Q: 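Provided herewith is a single structure, encoded as structure tokens, for subsequent inquiry.
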Amino acid sequence: MKHPSRRLVIAVRADPVICGHSGEARNLAEVALTRGFDDVRLLTWPIDALEAAGLPLKPLDRLLPYSPGITVERPEPVGDYRVPDGRHLAGLTGRLVELLAEPVPTVCLSMYLVPHTAVVVDAVTAARAAGFDPDVYTIAKAVGSDVTNVIKSCLRDGSFGAAIALFTTFLANDEVTAVSEYTRDEIIASAEEVDAKCGTRFAEQCRSRVTVSYPPIDTSAYLDIDETTVDEALAARGLTRDGYVLFLSRVARAKGIYDLVTAYGQMRCRDDVKLVVAGTGPALEHVQAMASEDDQVIFLDDVDDTEKALLMRGCAAYVLPTKPEPEFVETFGIALTEKMLAGGGPIITTLTGGTGEAVGDTAVIVEPGDVLALAAAVDAAVLEMSAEERRDREAKARAYALAFDRGRVFDDLFSRMTPGSA
């Protein structure tokens, strides 16, 4: 049996989940094929498990295909119905053990500490205990909600045992990284809190070991967009170029969608531009009910990756008024950098979490939760910003966002591996 010469396994919530980090996995996988990996696996969840979890999903019939050499694996659960969550984890862990049993140098990258990093650590431990002696190098990437949701929930609830287990699993990897400087700082701060409570020494390890690896973006998908294609896509939706303000993200309170809909009702420009809310999420039905009598507000819940760039390109302004909530803080803002690459109208956002790292000094900034300031900022962008200023902002934003090109990010991340590892 012929084995591949080098393998990359990424444990992640992959497509069809609407999540920037599923896009990260896709982009790293595609680059890996050009960097000496001849077998790339995305180890993820069955579709029915994703649907049952209530996650926002892309249209299943319009998912972009992966290149040959990339395999998406969705292991079936192991065991019977009496162990509902553990059955899926057993399936993921068991499949990774099988891959590690093969004599193939392997890099395992996990995104989300819970549960994907645990899957990788458990599989490597099991493979070594079984005597397979895998040639494996592990990278754990904290993508944001690991800290803002999981670790902070532990700290709020006093569940320090769970926080200790999470940090131990994270630091058990050969390499540990975070999606932004903000996330790295949050990891260290959380570790300090656990140390103070439990006498552990996680913060010292995190300060010395945790690096930053920004989200990798397929910049080619957003550059040189055909203008005729943009107009055709907008016409199909009943839209015109610069005739709408765009919110394209997960529809959730923490993304500022309630503030935006409220602000739109107060905007002077509402007679000139529609508000397009593109995406799905837990707040969608409620927001639809809020705007049910406003025919200027349009909801699109079936936008695929190709149309996303076209909508960004054609909008009068892109607005993401994200704000910190107990369950979520924007730890980077991948959609912001995608919009910066696509061009079109200016970006209006907040300095929440890691968004400042995503946009630099290229966006119009408002205070989180300030509805009046948000309305004024959109009015100024749509009604008062000159064509020259719009062009200057567009060029500056694109130049900044090119730093997140997936090839550059991949090379930076994998250059940290010790020579000869996997």
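Side chains included, hydrogens not; waters and symmetry mates left out as well; all remaining heavy atoms used. Keep in mind that what you see is a predicted model, and the values were worked out from it rather than measured.
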Q: On a heavy-atom basis, which atom in Lys339 and which in Cys315 lie closest, and how many Å separate them?
A: CE-SG, 3.5 Å

Q: Which heavy atom of Ala191 sits nearest to which heavy atom of Cys206, and what is that distance?
A: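 Ala191 and Cys206 have their closest heavy atoms at CB-SG, 4.2 Å.
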
Q: Applying side chain to side chain donor-acceptor pair (under 3.5 Å), can you list everything that pairs with Glu204, at least two apart in sequence or on another chain?
A: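 Applying side chain to side chain donor-acceptor pair (under 3.5 Å) to Glu204 gives Arg201.
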
Q: Between Asp231 and Arg241, does at least one N-O distance fall below 4.0 Å, as a salt bridge requires?
A: yes

Q: Does this structure show an ion pair linking Glu330 with Lys255, if we count only N-O contacts that are shorter than 4.0 Å?
A: yes

Q: Inspect the contact between Asp15 and Lys58 and indicate whether a charged nitrogen and a carboxylate oxygen are less than 4.0 angstrom apart.
A: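 Yes, charged N to carboxylate O under 4.0 Å.
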
Q: Would you call Glu98-Arg95 a salt bridge at under 4.0 Å N-O?
A: yes

Q: Find out whether the Lys NZ or Arg CZ of Arg26 is both under 6.0 angstrom from the six-membered ring centre of Tyr66 and within 45° of the ring's axis.
A: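 The answer is yes, since Arg26 meets both limits relative to Tyr66.
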
Q: Considering residues, nucleotides and ligands other than Asp61, do more than 12 of their heavy atoms fall under 6.0 Å from its CG?
A: yes

Q: Can a salt bridge be assigned to the pair Asp38 and Arg7 using a cut-off of 4.0 Å between side-chain N and carboxylate O?
A: no

Q: Between Lys396 and Asp361, is there a salt bridge with N-O shorter than 4.0 Å?
A: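 Salt bridge present between Asp361 and Lys396.
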
Q: If you measure from the Lys or Arg side-chain nitrogens to the Asp or Glu carboxylate oxygens, is any gap between Glu175 and Arg209 under 4.0 Å?
A: no

Q: Taking side chain as C-beta onward, heavy atoms only, is Glu24 less than 4.5 Å from Cys19?
A: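 Not touching, per the 4.5 Å side-chain cut-off.
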
Q: State whether Lys197 and Asp195 are salt-bridged, where the test is any N-O pair (Lys NZ or Arg NE/NH1/NH2 against Asp/Glu carboxylate O) under 4.0 Å.
A: no

Q: Side-chain contact test, heavy atoms from C-beta onward, threshold under 4.5 Å: evaluate it for Thr177 versus Leu413 and give yes or no.
A: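 Yes, their side chains come closer than 4.5 Å.
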
Q: Arg13 versus His21: any side-chain heavy-atom pair under 4.5 Å?
A: no

Q: Under the rule for ring-ring contact (aromatic ring centres under 6.0 Å, His included), what residues qualify as partners of His3, not counting sequence neighbours?
A: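 So His3 forms no ring-ring contact (aromatic ring centres under 6.0 Å, His included) with any residue.
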
Q: Name the residue from Tyr400, Tyr182, Phe404, Phe410 that meets the ring-ring contact (aromatic ring centres under 6.0 Å, His included) definition with Tyr214.
A: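 For Tyr214, the ring-ring contact (aromatic ring centres under 6.0 Å, His included) test succeeds with only one of Tyr400, Tyr182, Phe404, Phe410, which is Phe404.
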
Q: Short question: side chain of Ser110, backbone of Ala11 - any donor-acceptor pair under 3.5 Å?
A: no

Q: Evaluate the side-chain proximity of Arg408 to Pro216: yes if any heavy-atom separation is below 4.5 Å, no if none is.
A: no

Q: Please indicate whether Glu227 has more than 12 foreign heavy atoms, meaning atoms of other residues, nucleotides or ligands, lying under 6.0 Å from its CD.
A: yes

Q: I'd like to know if the side chain of Thr219 pairs up with that of Arg406 as donor and acceptor (distance under 3.5 Å, no hydrogens or angles considered).
A: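 There is no such pair (donor and acceptor under 3.5 Å, judged by atom type) between the side chains of Thr219 and Arg406.
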
Q: Heavy-atom distance under 4.5 Å between the side chains of Thr138 and Val124, does that happen here?
A: yes

Q: Would Arg237 and Asp302 pass as an ion pair if we require N to O under 4.0 Å?
A: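 Yes, charged N to carboxylate O under 4.0 Å.
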
Q: Do Leu248 and Tyr318 have side-chain heavy atoms sitting under 4.5 Å apart?
A: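 Side-chain contact under 4.5 Å: yes.
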
Q: Is Arg390 salt-bridged to Glu394, cutoff N-O under 4.0 Å?
A: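 No.
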
Q: Less than 4.5 Å apart, side chain to side chain, heavy atoms only: is that true for Leu96 and Val9?
A: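 The answer is yes, as the side chains (C-beta and beyond) meet within the 4.5 Å cut-off.
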
Q: Got a sec: does the CD of Glu102 have more than 12 other heavy atoms crowding it under 6.0 Å?
A: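 More than 12 within 6.0 Å, yes.
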
Q: Using distance alone, with no hydrogens and no angle criterion, decide if Thr355 and Thr352 have a side-chain donor and acceptor under 3.5 Å apart.
A: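 No donor-acceptor contact under 3.5 Å links the two side chains.
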
Q: Indicate every side-chain donor-acceptor pair of residues 158-169 with a distance under 3.5 Å to a residue at least two apart or in another chain.
A:
residue: Thr168; atom: OG1; partner: Ile164; partner atom: O; Å: 2.8
residue: Thr169; atom: OG1; partner: Ala165; partner atom: O; Å: 2.9

Q: Side chains of Val107 and Phe414: closer than 4.5 Å at any heavy-atom pair?
A: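 Result yes, sub-4.5 Å side-chain heavy-atom pair found.
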
Q: Salt bridge check: are Glu388 and Arg393 linked by an N-O gap of less than 4.0 Å?
A: no

